[in-house]
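Read the structure below first, then the notes.
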2 protein chains.
Amino acid sequence: MADVAERAGVSASTVSRTLRGLSSVSPDVRARVEKAARELNFAISRQASSLVTGRTGVVAVLVPTLNSWFMGSALSSLGPLLRAADMELTVYVIPDLAERASFFEQLPARRNADALLVHCFDLTEEEGARLDDLGMPVLYVSQHAEGRPSVYVDDVAGARHGTRHLLNLGHRRIAFMQSPGASGFSFSSHARLLGYQQALAEAGVPLDDSLVVAAPAADKRAVAEALGQLLGLRRPPTAVFAEQDELAAALIWTLRRARIEVPEQMSVLGFDDQPLAEWFDLTTVAQSPSEMGRVAGELALQLINDSEADGKRHIVLPTHVIPRGTTARPTGSATETEGPS
Amino acid sequence: MADVAERAGVSASTVSRTLRGLSSVSPDVRARVEKAARELNFAISRQASSLVTGRTGVVAVLVPTLNSWFMGSALSSLGPLLRAADMELTVYVIPDLAERASFFEQLPARRNADALLVHCFDLTEEEGARLDDLGMPVLYVSQHAEGRPSVYVDDVAGARHGTRHLLNLGHRRIAFMQSPGASGFSFSSHARLLGYQQALAEAGVPLDDSLVVAAPAADKRAVAEALGQLLGLRRPPTAVFAEQDELAAALIWTLRRARIEVPEQMSVLGFDDQPLAEWFDLTTVAQSPSEMGRVAGELALQLINDSEADGKRHIVLPTHVIPRGTTARPTGSATETEGPS
DNA sequence: ATGAAAGCGCTAACAA
DNA sequence: TTGTTAGCGCTTTCAT
């Protein structure tokens with residue numbers, strides 16, 4: 001910086017002021033400084049300035065993985081938003097318990113970020129408390145955290161609407177397929193089951209635990225087994241609500257192999273609206289993780305820049321059902337209401 | 001830090017030494033310092049230390065998007081690796097040309113990272129030059145960059161092997177389906193086409209441009225059209241090599257709708273081996289972006305820590321064909337060799 | 001509108 | 001093994 005100052009024939013302070021865009025610099029001086037900076041290929045060191053300003057210019061995010069449509073979309077929209085605000089994005093990928101323990105042990109984000117976005121983690125009380133005295137705003141994304149700022153999709157309402165869509169088509173035996181063990185996503189999973197149950201209850205359809213099955217989307221065998229379980233019931237379902245599009249896709253695939261026509265013999269409903277859904281022509285409950293990323297980023301910037309801001313705000317994002325080709329009226333629904341009994 | 005020093009009854013230097021794990025600290029002093037640090041919830045400020053050490057403890061990565069299996073896998077393995085080395089990962093997401101221009105204008109990574117990993121970008125000469133005098137190691141990941149350290153998958157060989165697999169099954173009319181415009185991935189795309197052509201040439205099968213078609217995986221219409229184009233040929237192909245699993249999946253979907261049996265009437269080969277491939281039972285050419293991320297991270301650490309290291313190393317990662325259920329001998333391959341003419 | 005000087009929190013070189 | 005001192009590159013008063 002001294003070099004630039006010398007070259008421009010001004011003091012370091014002036015260079016600093018110019019490069020930060022302060023208005024109190026005369027036009028010709030500004031021009032000279034900018035020219036000198038360009039010629040010397042000079043850039044301000046964040047390290048040095050944050051030392052004095054106390055701000056790092058960094059937003060940290062904690063994610064269980066990057067390898068999913070959901071996280072990828074969220075961060076892909078967060079990134080450009082932060083860059084527009086001249087902030088950097090640093091990512092902590094915490095795939096397993098060991099990493100998690102070490103993260104909370106060291107809290108590497110401490111003093112190295114202006115805000116932390118925690119994605120999709122079911123934190124323990126202790127972990128939450130640990131983050132509380134990190135000395136920076138901590139936002140919870142894709143999960144509801146009591147008394148702390150949170151941004152998440154309304155999974156309960158989404159699942160309720162989705163289930164209603166099936167009910168409106170005339171389905172009464174509706175199965176729900178969960179995808180267990182997706183690390184970090186149990187919050188949503190639970191909420192979606194709840195929404196499904198609420199919708200059934202509202203419609204006066206009795207809950208039946210044997211209609212709730214689980215299988216990881218990646219495990220074809222498990223999906224086939226879960227399906228077998230459902231088909232083996234005395235009164236098998238006419239529709240399945242899969243809690244994620246990938247699971248729905250796996251299910252459709254399995255149904256096709258079993259020569260069960262979708263939607264003629266079985267309706268399938270997903271949740272997410274990933275690109276996948278479109279080419280499976282899958283009816284699904286759409287959510288927008290990229291919107292979530294944007295909103296979370298904006299809230300983070302707000303909390304950083306304005307300590308007066310409401311630090312407990314909850315932003316709940318909407319979902320909507322996208323009807324496509326995998327759901328239809330159940331066969332013979334005109335006559336079959338609840339059976340003659 | 002002064003607080004910790006006072007509380008432990010030592011000097012700041014000793015605190016610094018202790019917290020950095022230097023051996024020249026007596027056990028009891030170390031214990032006192034660590035206790036004090038814990039009690040005060042103290043952590044070293046990276047900003048301050050990097051100011052004096054000249055190292056930031058940050059590895060920056062430049063990615064076109066995070067929203068793909070490929071990038072997600074690569075970063076998911078890079079993250080933990082860097083954390084193990086006590087480094088942070090900062091991500092620059094550059095989805096479009098405007099962002100790209102502004103990135104290269106400001107070069108925000110300058111002075112704020114110890115190394116830069118450039119993923120999947122076809123940089124212009126000028127951009128490359130710009131990165132060259134960034135004053136830090138710049139690695140090119142998932143692309144070959146002449147005279148600069150690169151880590152990438154051997155797409156050419158992969159496509160060659162994949163094509164050979166089809167040739168060995170007896171196919172002679174083999175189409176190649178490209179996925180245009182996937183921003184940042186044109187390097188791989190081009191390499192795979194080349195591998196396909198090489199394999200055909202080696203086998204003495206004449207190249208036929210009408211067998212090379214393009215469609216984005218996300219666009220069902222385009223996929224259907226491309227397929228129609230192939231089927232409308234005077235001698236339609238008996239196999240299609242799709243340059244990505246997602247495209248292969250879309251293609252299979254389209255074939256099923258057209259009641260064309262896979263693999264009986266048409267073999268389909270993918271490239272990637274995403275989880276998708278498994279539940280489509282898709283024969284594919286496997287690559288490992290997570291391995292690529294790991295290797296790139298290791299090379300980056302090496303270049304950071306050891307300025308003697310070979311700064312022009314190319315690491316080429318292998319691929320292998322995974323035979324599954326979507327490829328088979330062409331119908332009537334026993335009789336049909338090259339036709340009677 | 002500009003400059004001089006002090007200091008942000010840490011590490012490194014030196015001395016003890 | 002420990003403490004003292006200087007200074008990393010910047011921003012921010014306070015003068016002018």
Side-chain angles (χ1 to χ4, degrees), chain A residues 1-37 40-58 86 88 106-114 135-136 305, chain B residues 1-37 40-58 86 88 106-114 135-136 305:
Chain A
M1 188 158 172
D3 299 348
V4 178
E6 187 180 5
R7 187 169 189 117
V10 295
S11 73
S13 320
T14 302
V15 174
S16 171
R17 283 190 274 255
T18 308
L19 264 30
R20 276 177 301 149
L22 300 195
S23 54
S24 57
V25 180
S26 70
D28 60 322
V29 170
R30 148 152 289 136
R32 285 212 316 276
V33 171
E34 278 170 349
K35 179 156 170 289
L40 294 173
N41 192 19
F42 174 84
I44 283 180
S45 153
R46 268 205 152 78
Q47 333 298 327
S49 44
S50 65
L51 195 55
V52 29
T53 60
R55 294 183 37 166
T56 61
V58 167
D86 237 309
E88 319 244 275
Q106 309 183 203
L107 285 188
R110 188 164 35 161
R111 294 177 115 222
N112 294 307
D114 295 336
M136 66 179 85
N305 294 320
Chain B
M1 188 156 170
D3 299 349
V4 178
E6 188 180 5
R7 185 171 191 118
V10 296
S11 74
S13 319
T14 303
V15 174
S16 171
R17 282 190 275 255
T18 307
L19 265 29
R20 277 179 299 151
L22 300 195
S23 53
S24 57
V25 180
S26 71
D28 60 322
V29 170
R30 148 153 285 137
R32 284 211 317 275
V33 171
E34 279 171 349
K35 181 157 167 288
L40 293 174
N41 193 20
F42 174 84
I44 283 180
S45 152
R46 269 205 153 80
Q47 333 298 328
S49 48
S50 64
L51 195 55
V52 29
T53 60
R55 293 182 38 164
T56 61
V58 167
D86 236 307
E88 319 243 277
Q106 312 183 201
L107 284 188
R110 186 166 36 162
R111 302 240 250 150
N112 295 307
D114 296 336
M136 65 178 85
N305 294 319

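Proteins get letters first, then strands, A, B, ... in listed order; numbering begins at 1 in each.
Distances shorter than 4.0 Å separate some side-chain N or O of A/S26 from OP1 or OP2 on C/dT2. Dashed line: the shortest gap from a side-chain N or O of A/T14 to OP1 or OP2 of C/dG3 is under 4.0 Å. Note on A/S16: a side-chain N or O is less than 4.0 Å away from OP1 or OP2 of D/dT11. For D/dC10, the OP1/OP2 oxygens have no side-chain nitrogen or oxygen of A/S49 closer than 4.0 Å. Put simply, B/R111 has a side-chain N or O that comes within less than 4.0 Å of OP1 or OP2 on D/dC10. Regarding contacts with the backbone of C/dT11, a side-chain N or O of B/R20 is found under 4.0 angstrom from either OP1 or OP2.
To the nearest angstrom, P of D/dG9 lies 12 Å from CG of A/L51. Per the geometry, CZ belonging to A/R46 stands 13 Å off P belonging to D/dC10, to the nearest Å. Spacing between atom CG of B/N112 and atom C1' of D/dC8 amounts to 15 Å, rounded to whole angstrom units. Here the P atom of nucleotide C/dA5 and the CE atom of A/M1 are 16 Å apart, to the nearest Å. Spacing between atom CZ of B/R32 and atom P of D/dT1 amounts to 15 Å, rounded to whole angstrom units. Regarding A/L19, its CG atom lies at a distance of 9 Å from the P atom of D/dC10, rounded to whole Å. Between the CG atom of A/L40 and the P atom of D/dG9 there is a distance of 14 Å, rounded to whole Å. The CD-P distance, from A/E6 to D/dG9, rounds to 15 Å in whole Å.
Atom CD1 of B/I44 sits about 9.0 Å away from atom CZ of A/R111, to the nearest 0.5 Å. Note that the CZ atom of B/R17 and the OG atom of B/S23 stand 11.0 Å from one another [nearest 0.5 Å]. Expressed to the nearest 0.5 Å, how far CZ of A/R110 lies from CE of A/M136 amounts to 9.5 Å.
Between B/S13 and B/S16, the side chains place no donor N or O within less than 3.5 Å of an acceptor N or O (distance only, hydrogens not considered).
Listed candidates were C/dG3, C/dG9, D/dT1. Nearest to the side chain of A/S11 is C/dG3. Of the candidate nucleotides D/dG3, D/dG9, C/dT11, D/dG3 has the atom nearest to the side chain of B/V10. In this structure, of D/dT2, C/dT2, C/dG7, it is C/dT2 that holds the atom nearest to the side chain of A/V29.
Of all the heavy atoms in A/G57 and A/D114, the pair that sits closest is N-OD2, 2.8 Å.
When each of B/R30 and A/I44 is assigned the nucleotide of DNA chain D with its nearest heavy atom, B/R30 is the one assigned upstream, toward the 5' end. Looking at which nucleotide of DNA chain C each of A/S13 and A/S23 is closest to, the 5′-most match is held by A/S23. Nearer to the 5' terminus of DNA chain D, by closest-nucleotide assignment, is the contact made by B/S24 (compared with the other of B/S24 and A/R17).
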